[in-house]
Each structure stands twice: as C-alpha cells, then as structure tokens.
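Input: a single structure, listed below in structure tokens.
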Amino acid sequence: MESDMATPLGWEPLSGLDLLDRQIVHALQIDGRAAFSRIAEVLDVSDQTVARRYGRLRGSGVLRVLGLVDPLRIGVTPWFVRVRCTPDAAASVGEALARRLDTRWVSLISGGTEIFCLVQPERPGQDELLLQKLPRTPRVVQVTAHALVHVFFGQALSPVSRNGPLDAARAEALAPAEAPRGRATEAAEPFPLDAGDRKLLESLAEDGRTPVPGLAAATGWSQSTVRRRMAELRSSGALYFDLAFDGDTHARALRSALWLEVEPAHLAEVGEALARHEEVAFASATTGSSNVYAAINCASPAALYRYLTGPVAQLPGIRRTETAPVHRMLKGPGPLYDTQRTRSPC
C-alpha cells in the first residue's frame with residue numbers, strides 16, 4: 001500500500017521533471033495566464049528562468065496552456081453517451097464518433113467492447129437528436145445518453161491541479177483575482193457570447209497564453225477591450241484555463257470510469273465527497289438512474305480495489321456502483337470551439 005499512496009497520484013507521471021519544472025506546472029494550473037514575472041516572484045527565481053523552462057516544456061510537447069469554455073455556464077448541455085457494440089465493432093464505431101465535430105472525447109472501455117464519449121453542441125440552440133447521428137450498424141447493440149447537469153470537481157483536462165509541490169501560501173499568491181471562487185454554473189441566466197467572444201476563445205483554445213496583441217489582432221478589438229472582456233469571461237466562469245499534457249508524459253497506470261446510483265437526498269453530499277478524493281479527476285451529476293459519473297485514476301488494480309471498497313463504499317445513499325477501465329482514448333478532451341483536432345489525453 002505504501003508504494004501506491006505515498007505520493008499524490010496525480011504527480012507521479014511527472015516524475016521525469018525536476019522540482020522547479022513541477023512548481024511551474026503547478027503555478028500554471030492555478031493560473032494559466034500568470035505572468036512569468038509573477039511566477040518567478042513566487043518561486044524566487046528569475047523571469048528568464050521561468051520563461052526558458054516553460055518554453056522548453058511547451059516546445060517539447062510536454063504541456064500546453066489552453067483557454068476553455070464551461071459549456072454549462074454558456075447554456076450548452078453536454079451529454080455522456082455510452083455505446084455498446086459487438087466485440088469486432090467498437091474500434092470502428094469509436095473512430096467514426098471521433099471524427100464527428102460534436103464529440104469532445106471518445107474512449108474505449110470495458111475491455112474494448114463499449115464506447116464512452118462526451119457529445120456537445122457548439123453553441124446554445126443547436127441541440128439535436130444525438131442518437132440519429134450514430135453510425136447505422138447492427139453491431140451497435142445498445143445506446144444510453146445522460147445529460148451532464150452539474151460539475152462537482154474538475155474540468156477534464158488537468159487531473160493534478162488538486163495537489164502539487166507549491167504550498168498553500170504560494171498557491172494563494174498565484175490565484176487569479178478575476179477567476180470565480182467556485183463554479184458559476186448555477187447562475188440564473190447563461191452568460192452570452194457574441195462573434196467577437198468566439199474569435200477570442202478560438203485563439204485561446206489554440207494557445208491559452210497568446211499575448212494580448214495577438215488576441216487584439218484576432219478579434220479586431222483594442223488591447224484594452226481584450227483585457228476587459230477576458231476578465232469578464234473569467235469572472236463569470238465562462239472561460240477558464242487548464243493544461244493539456246502529452247499522453248506519454250502524463251500516463252496513468254489505471255484510468256477508470258465510475259458510475260454511481262445515488263439517492264437524491266445524498267446527491268450533493270456524495271458529489272462533494274468525491275471532489276475531495278485524491279483518486280478523482282472529474283466528478284459530475286447527470287440525468288438517469290446512474291446519476292453520478294466520476295473519472296478516477298489509480299496506480300494499480302489493487303489500488304482501485306482499495307478505493308472502491310474504502311472511500312466509495314463509505315459514501316452515503318449509494319444504491320449501485322459500476323466501474324469500467326479505460327482501454328484506449330480515441331479522441332482527447334478538447335474545448336468547446338476547437339472541433340477540428342484530436343488531442344493526446346491528459
């Protein structure tokens with residue numbers, strides 16, 4: 001047990017980086033657009049050192065900072081879709097789903113016999129019948145779809161932001177002033193986006209650290225307008241920044257999907273508890289009988305067993321649990337307006 005639990009799991013795959021690299025990574029998870037001078041001040045190193053280290057990490061493909069959109073905050077409903085296939089069909093059906101513009105990530109689970117994906121329209125008002133677009137083949141034997149209605153923890157790309165080498169004081173010093181304290185998806189009205197916002201978000205989806213002059217050129221706005229609007233988007237919760245890691249750098253020993261059927265009276269309590277679990281990279285409430293979904297990362301099958309029989313078993317109001325190991329990612333997580341590329345998963 002000691003080997004599995006001695007180090008926060010999320011940082012084990014980054015063991016090839018030295019302490020300063022990992023501190024910079026943690027700083028960027030706290031604020032992806034933090035100025036190198038600010039990071040340098042907090043870490044007590046020079047600006048040039050931080051810029052050089054980040055340039056090496058970015059240039060070698062280890063990580064990228066991405067500007068992403070919270071779909072619930074702008075009035076878009078994402079859907080978790082599970083597609084059960086005959087054993088010979090899952091890969092080809094999964095690849096077809098990965099080519100669709102409305103899928104954000106697609107994975108093979110359950111030993112490669114099932115596809116699990118996140119489907120999301122580009123903008124409000126474009127919800128369509130998802131199942132009508134699925135590949136028409138008799139080898140698809142069952143399809144279920146559940147709407148994501150609340151996120152308890154995580155933004156899908158970066159499952160190590162909970163922990164890291166920075167202490168609480170340094171982490172607090174790097175927290176962006178304009179970012180909301182907690183999620184803002186429960187706001188009464190969706191935060192509206194216009195054409196200029198979409199140009200801004202497209203640029204940030206390519207590189208979350210695009211300088212303000214580059215964003216001004218992309219949007220046709222003044223630099224002061226770019227700064228003001230980006231601050232508004234961040235403070236509203238519509239825009240956040242996260243890290244995409246190279247798949248080899250950030251490999252996991254065992255990634256699994258966890259579905260829970262929870263009594264409604266305990267739904268919020270269970271979600272908040274999952275958000276505190278070190279093994280949980282993402283946790284959300286969904287529609288359907290299995291009304292909680294969590295992405296979990298464990299160091300080994302034995303660690304997964306201990307997690308399920310320990311912290312999960314102690315959650316209140318659990319009627320049923322289901323787990324499925326992730327066999328292979330066919331399409332990595334991506335932001336709302338970045339629909340043309342497939343990324344390496346985190």
Side-chain angles (χ1 to χ4, degrees), residues 7-68 155-179 200-219 223 226-227 230-231 233-234 239-252 281 332-335 338 341-346:
T7 305
L9 176 64
W11 287 89
E12 290 176 359
L14 299 180
S15 58
L17 307 181
D18 66 18
L19 176 60
L20 181 56
D21 282 340
R22 288 184 287 126
Q23 288 176 327
I24 292 171
V25 169
H26 195 187
L28 291 170
Q29 287 180 305
I30 296 168
D31 182 2
R33 284 191 67 87
F36 291 146
S37 59
R38 181 57 179 155
I39 296 174
E41 179 184 0
V42 171
L43 301 185
D44 195 23
V45 297
S46 70
D47 301 11
Q48 293 83 358
T49 297
V50 174
R52 184 177 66 253
R53 292 290 188 111
Y54 173 74
R56 176 173 52 79
L57 293 170
R58 176 72 168 86
S60 61
V62 171
L63 61 83
R64 290 189 299 150
V65 177
L66 302 176
L68 305 176
Q155 293 283 9
L157 285 183
S158 182
V160 300
S161 56
R162 188 202 317 269
N163 301 297
L166 298 181
D167 58 28
R170 285 181 167 181
E172 181 63 27
L174 287 163
E178 66 271 25
L200 175 66
L201 294 168
E202 286 169 1
S203 295
L204 293 171
E206 291 287 342
D207 182 355
R209 293 188 64 86
T210 301
V212 169
L215 297 174
T219 58
Q223 293 186 29
V226 167
R227 292 189 182 92
M230 191 156 44
L233 289 166
R234 293 187 78 176
L239 169 66
Y240 66 98
F241 292 89
D242 213 334
L243 301 186
F245 290 90
D246 174 81
D248 294 332
T249 300
H250 206 64
R252 284 287 192 268
D338 179 20
R341 294 188 312 280
T342 297
R343 285 200 176 88
S344 297
C346 60

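Taking every heavy atom of both residues into account, Ala27 and Ile39 meet most closely at CB-CG2, 4.0 Å. Across all non-hydrogen atoms, the minimal contact from Pro176 to Asp31 is CB-OD2, 3.6 Å. Contact record, Ser203 with Thr210: O-OG1, 3.7 Å, taken as the closest heavy-atom pair. Here the closest non-hydrogen pair linking Phe36 and Asp47 is CB-O, 4.4 Å.
A distance of 4.5 Å separates CZ of Arg53 from CG of Asp21, quoted to the nearest 0.5 Å. Here the CG atom belonging to Leu201 is positioned 10.0 Å from the CE atom belonging to Met230, to the nearest 0.5 angstrom. Rounded to the nearest 0.5 angstrom, Gln223 CD and Arg227 CZ are separated by 5.5 Å. In this structure, the separation between CD on Glu206 and CZ on Arg64 is 7.5 Å, given to the nearest 0.5 Å. The CZ atom of Arg170 lies 6.0 Å from the CG atom of Leu43; values are rounded to the nearest 0.5 Å. How far CG of Leu166 is from CD of Glu172: 12.5 Å, rounded to the nearest 0.5 Å.
Residues passing the side-chain contact (heavy atoms from CB on, under 4.5 Å) test with Arg52 are Thr49, sequence neighbours excluded. Taking the salt bridge (Lys or Arg N to Asp or Glu O under 4.0 Å) definition, one finds that Arg38 meets it with Glu41, sequence neighbours left out. Under the side-chain contact (heavy atoms from CB on, under 4.5 Å) criterion, Asp44 pairs with no residue at all, not counting sequence neighbours.
Tested against Leu57, the residues Leu63, Leu28, Leu243 include a single side-chain contact (heavy atoms from CB on, under 4.5 Å) partner, Leu63. When each of Leu68, Leu66, Val65 is checked for a side-chain contact (heavy atoms from CB on, under 4.5 Å) with Asp242, only Leu68 meets the rule.
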Worked check of side chain to side chain contact (heavy atoms under 4.5 Å, CB included) between Gln23 and Val42: CA-CA 10 Å; Gln23 288 176 327; Val42 171; over 6 Å; no

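A distance-only check finds no donor-acceptor pair linking the side chain of Arg209 to the backbone of Ala35 [under 3.5 Å].
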